[in-house]
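Taking it in order: structure first as structure tokens, then the write-up.
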Amino acid sequence: MAPMKLERMLSMKGGKDESSYVNNSQAQAQHARSMLHLLTETLDGVRLSSPPEYSPATFVVADLGCSCGSNTIHMVDVIIKHMAKRYEAAGFESPPEFSAFFSDLPSNDFNTLFQLLPPYGGSSMEECLASDSHRSYFVAGVPGSFYRRLFPAKSVDVFYSAFSLHWLSQVPEVVLDKRSTAYNKGKIFIHGANVSAAIAYKKQFQSDLAGFLRSRSNEMKPGGSMFLVCLGRTCVDPTDQGGAGLLFGTHFQDAWDDLVQEGLITSEKRDNFNIPVYAPSLEDFKEVVEADGSFAINKLEVFKGGSPLVVNHPEDAAEIGRALANSCRSVSGVLVDAHIGEHLSDELFSRVASRATSQAKELLDQLQFFHIVASLSLSY
């Protein structure tokens with residue numbers, strides 16, 4: 001899929017129905033909370049700036065790949081309140097004015113996101129920070145790809161991006177080319193695929209990450225920091241995509257095969273669909289940061305995030321099946337709908353749920369996500 005076409009189309013599933021991202025991002029919230037100590041370490045390294053002579057100080061936070069749920073609002077709130085306490089502890093007469101930029105692709109459901117925002121409140125920044133029912137920062141949405149420039153030079157203090165950088169800017173063309181050794185025949189993801197297909201995905205990920213770092217190095221203020229979280233893997237072999245492989249490469253893959261075998265779609269239709277996700281190893285990530293050279297690595301580690309499935313009744317196999325199907329659909333449903341239509345998409349995810357139900361216990365035991373966690377600051 002061409003990069004501009006994917007950029008206009010890709011988003012987490014908007015709205016508030018059963019398979020929407022809003023209602024299927026509890027696992028991301030849990031994983032983010034488990035990493036708060038790493039985030040605060042990063043924030044403690046951000047330089048506190050005094051205001052210019054004739055204007056108040058401003059502090060800018062940007063969430064890249066914010067999506068449309070409440071998680072982004074909570075994390076921005078955590079960042080700003082932590083920084084406000086640092087300013088207060090350092091003896092500043094008054095806190096700076098805080099601004100938050102929520103950025104994602106233009107197809108993101110920004111309307112749902114902004115409806116979740118509490119109102120800005122208080123006549124002063126001190127009053128805003130003291131309020132639990134109002135936000136203490138100004139807000140703007142920034143549509144666009146984070147693999148390119150999004151902000152003016154030296155304008156952002158803290159970049160935060162969670163569970164987004166594993167999404168590629170495009171499916172590598174060679175993976176869809178029947179003449180290529182990297183052709184991913186019979187598969188909709190690279191988990192268990194041929195090595196050439198996996199290497200093509202790795203190259204695309206590293207090219208995208210290099211573009212991301214170049215852009216942020218121009219946009220970050222001196223003394224700023226960046227906290228990044230994306231799906232990762234512990235295995236060196238890129239054809240073993242770990243938790244992402246189990247999510248997209250087992251029941252999801254089998255459901256596509258079901259549609260082919262039942263004559264609902266052709267094998268060619270299936271083979272022309274590939275999930276643009278790559279879970280990097282620590283070395284995949286580190287190679288790009290070091291080659292770019294703009295950022296110093298404060299921390300870079302693999303973090304065990306846990307299961308993407310949040311269920312109320314772990315003994316209920318049908319609930320686990322629905323949870324997997326909804327989780328899968330909340331992040332890939334927009335692409336699937338565009339490729340085979342909403343009716344066949346319903347058929348596909350119904351089969352995902354059915355297959356997952358039949359192996360519910362194994363899913364709960366085996367489906368675990370690992371994340372790459374990176375804390376970076378400018379190296380000059």
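- Nearest heavy atoms, Leu367 versus Gly243: CD1-O, 3.5 Å.
- One distance of note links CG of Leu335 with CG of Asn274; it measures 11.0 Å at 0.5 Å rounding.
- Inter-residue side-chain proximity for Pro238 and Ile199 is flagged as met; some heavy-atom pair is nearer than 4.5 Å.
- Of all the heavy atoms in Ser136 and Ile80, the pair that sits closest is OG-CG2, 3.8 Å.
- Going from atom OG1 of Thr357 over to atom CD of Gln359 covers 10.5 Å, rounded to the nearest 0.5 Å.
- Residue Ala325 comes nearest to Val352 through the heavy atom pair CA-CG1, 3.9 Å, listed as atom of the first residue, atom of the second, then distance.
- Clustering ILVMFWY residues whenever any of their side-chain heavy atoms sit less than 4.5 angstrom apart, transitively, puts Tyr183 in a cluster other than the one holding Phe189.
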Side-chain atoms of residues 293-303: list all donor-acceptor pairs with protein atoms under 3.5 Å, sequence neighbours left out, distances to 0.1 Å.
{"unit_1": "Ser294", "atom_1": "OG", "unit_2": "Asp292", "atom_2": "OD2", "d": "2.9"}
{"unit_1": "Asn298", "atom_1": "OD1", "unit_2": "Ser377", "atom_2": "OG", "d": "3.4"}
{"unit_1": "Asn298", "atom_1": "ND2", "unit_2": "Ser377", "atom_2": "OG", "d": "3.3"}

Would Ser267 and Arg270 satisfy side-chain contact (heavy atoms from CB on, under 4.5 Å), going step by step from the backbone distance to the final call?
-> CA-CA 5 Å; Ser267 59; Arg270 175 199 58 201; 3.6 Å; yes

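- Inter-residue side-chain proximity for Asp63 and Tyr160 is flagged as met; some heavy-atom pair is nearer than 4.5 Å.
- At least one donor-acceptor pair under 3.5 Å links the side chain of Ser215 to the backbone N or O of Gly211.
- Here the straight-line distance linking atom CG of Leu48 with atom CZ of Phe92 works out to 5.0 Å at 0.5 Å rounding.
- Transitive grouping of hydrophobic side chains (ILVMFWY, heavy atoms separated by less than 4.5 Å) keeps Val195 and Ile275 in distinct clusters.
- Residues Gln241 and Ile190 meet the side-chain proximity criterion, which asks for heavy atoms closer than 4.5 Å.
- Remark: the Asp109 side chain and the Thr112 side chain contain an N/O donor-acceptor pair separated by less than 3.5 Å.
- Under a 3.5 Å cut-off, the side chain of Arg86 and the backbone N or O of His82 do not form any donor-acceptor pair.
- Atom CD of Glu88 has 12 or fewer heavy atoms from other residues, nucleotides or ligands within 6.0 Å.
- In this structure, the side chains of Leu150 and Leu64 come closer than 4.5 Å at one or more pairs of heavy atoms.
- Note on Phe349: it clusters hydrophobically with Val260, by side-chain heavy-atom contacts below 4.5 Å among ILVMFWY residues.
- In terms of modelled atom types and a separation under 3.5 Å, the side chain of Ser180 and the main chain of Leu176 share no donor-acceptor contact.
- Annotation for His37: atom NE2 counts as buried by contact number, over 12 foreign heavy atoms lying within 6.0 Å.
- Going from atom CD1 of Ile320 over to atom OG of Ser327 covers 13.0 Å, rounded to the nearest 0.5 Å.
- Between Leu364 and Pro314, the shortest heavy-atom contact is CD1-O, 3.6 Å.
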Could you list the donor-acceptor pairs under 3.5 angstrom formed between side-chain atoms of residues 246-255 and any protein atom two or more places apart in sequence or on another chain?
{"unit_1": "Thr250", "atom_1": "OG1", "unit_2": "Leu246", "atom_2": "O", "d": "2.5"}
{"unit_1": "Gln253", "atom_1": "OE1", "unit_2": "Ile188", "atom_2": "N", "d": "3.0"}
{"unit_1": "Gln253", "atom_1": "NE2", "unit_2": "Gly186", "atom_2": "O", "d": "2.9"}
{"unit_1": "Gln253", "atom_1": "NE2", "unit_2": "Asp257", "atom_2": "OD1", "d": "3.2"}

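- Here the CE atom belonging to Met83 is positioned 11.5 Å from the OG1 atom belonging to Thr40, to the nearest 0.5 angstrom.
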When you look at Val171 and Phe273, which way does the side-chain contact (heavy atoms from CB on, under 4.5 Å) test go after all the steps?
-> CA-CA 9 Å; Val171 174; Phe273 182 86; over 6 Å; no

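- When the side chains of ILVMFWY residues are joined at heavy-atom separations under 4.5 Å, either directly or via intervening members, Leu264 and Trp256 end up in a single hydrophobic cluster.
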Could you walk me through whether Val175 and Gln204 pass side-chain contact (heavy atoms from CB on, under 4.5 Å), step by step?
-> CA-CA 11 Å; Val175 171; Gln204 185 64 55; over 6 Å; no

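- A donor-acceptor pair under 3.5 Å links the side-chain atoms of Arg233 to the main chain of Val236, judged by distance alone.
- Ring geometry for Phe205 versus Phe285: interplanar angle of 30 to 60°, hence tilted.
- Side-chain contact annotation: Tyr278 with Asp208, donor-acceptor N/O pair under 3.5 Å absent.
- Atoms CD and OG, from Gln170 and Ser145 in turn, are 10.5 Å apart once rounded to the nearest 0.5 Å.
- A salt bridge is defined here as a Lys NZ or Arg NE, NH1 or NH2 lying under 4.0 Å from an Asp or Glu carboxylate O, and Asp284 with Lys202 meets this definition.
- The heavy-atom pair separating Pro280 from Cys230 by the smallest distance is CG-SG, 4.0 Å.
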Could you check Leu282 against Ile372 for side-chain contact (heavy atoms from CB on, under 4.5 Å), going step by step and ending with a plain yes or no?
-> CA-CA 7 Å; Leu282 208 59; Ile372 302 290; 3.8 Å; yes

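- Looking at Arg216 and Glu219, a side-chain N of the basic residue comes within less than 4.0 Å of a carboxylate O on the acidic one, giving a salt bridge.
- Under the 4.5 Å side-chain heavy-atom criterion for ILVMFWY residues, a single connected hydrophobic cluster contains both Ile265 and Leu348.
- A heavy-atom distance below 4.5 Å is not found between the side chains of Lys178 and Lys185.
- Checked against salt bridge (Lys or Arg N to Asp or Glu O under 4.0 Å), Asp365 has the following partners two or more places apart in sequence or in another chain: Lys361.
- Distance alone, capped at 3.5 Å, places no donor-acceptor pair between the Asp157 side chain and the Lys221 backbone.
- No side-chain heavy atom of Phe159 sits under 4.5 Å from any side-chain heavy atom of Ser103.
- For the pair Asp240 and His191, the minimum side-chain heavy-atom distance is below 4.5 Å.
- Here the closest heavy-atom approach between residue Phe151 and residue Ala62 is recorded as CZ-CB, 3.8 Å.
- Side-chain contact between Val373 and Phe227: present, with at least one pair of heavy atoms (C-beta onward) separated by less than 4.5 Å.
- In Glu262, the CD atom is crowded: over 12 heavy atoms of neighbouring residues, nucleotides or ligands sit closer than 6.0 Å.
- Ring pair Phe102/Tyr137 is tilted by interplanar angle, where 30° to 60° counts as tilted.
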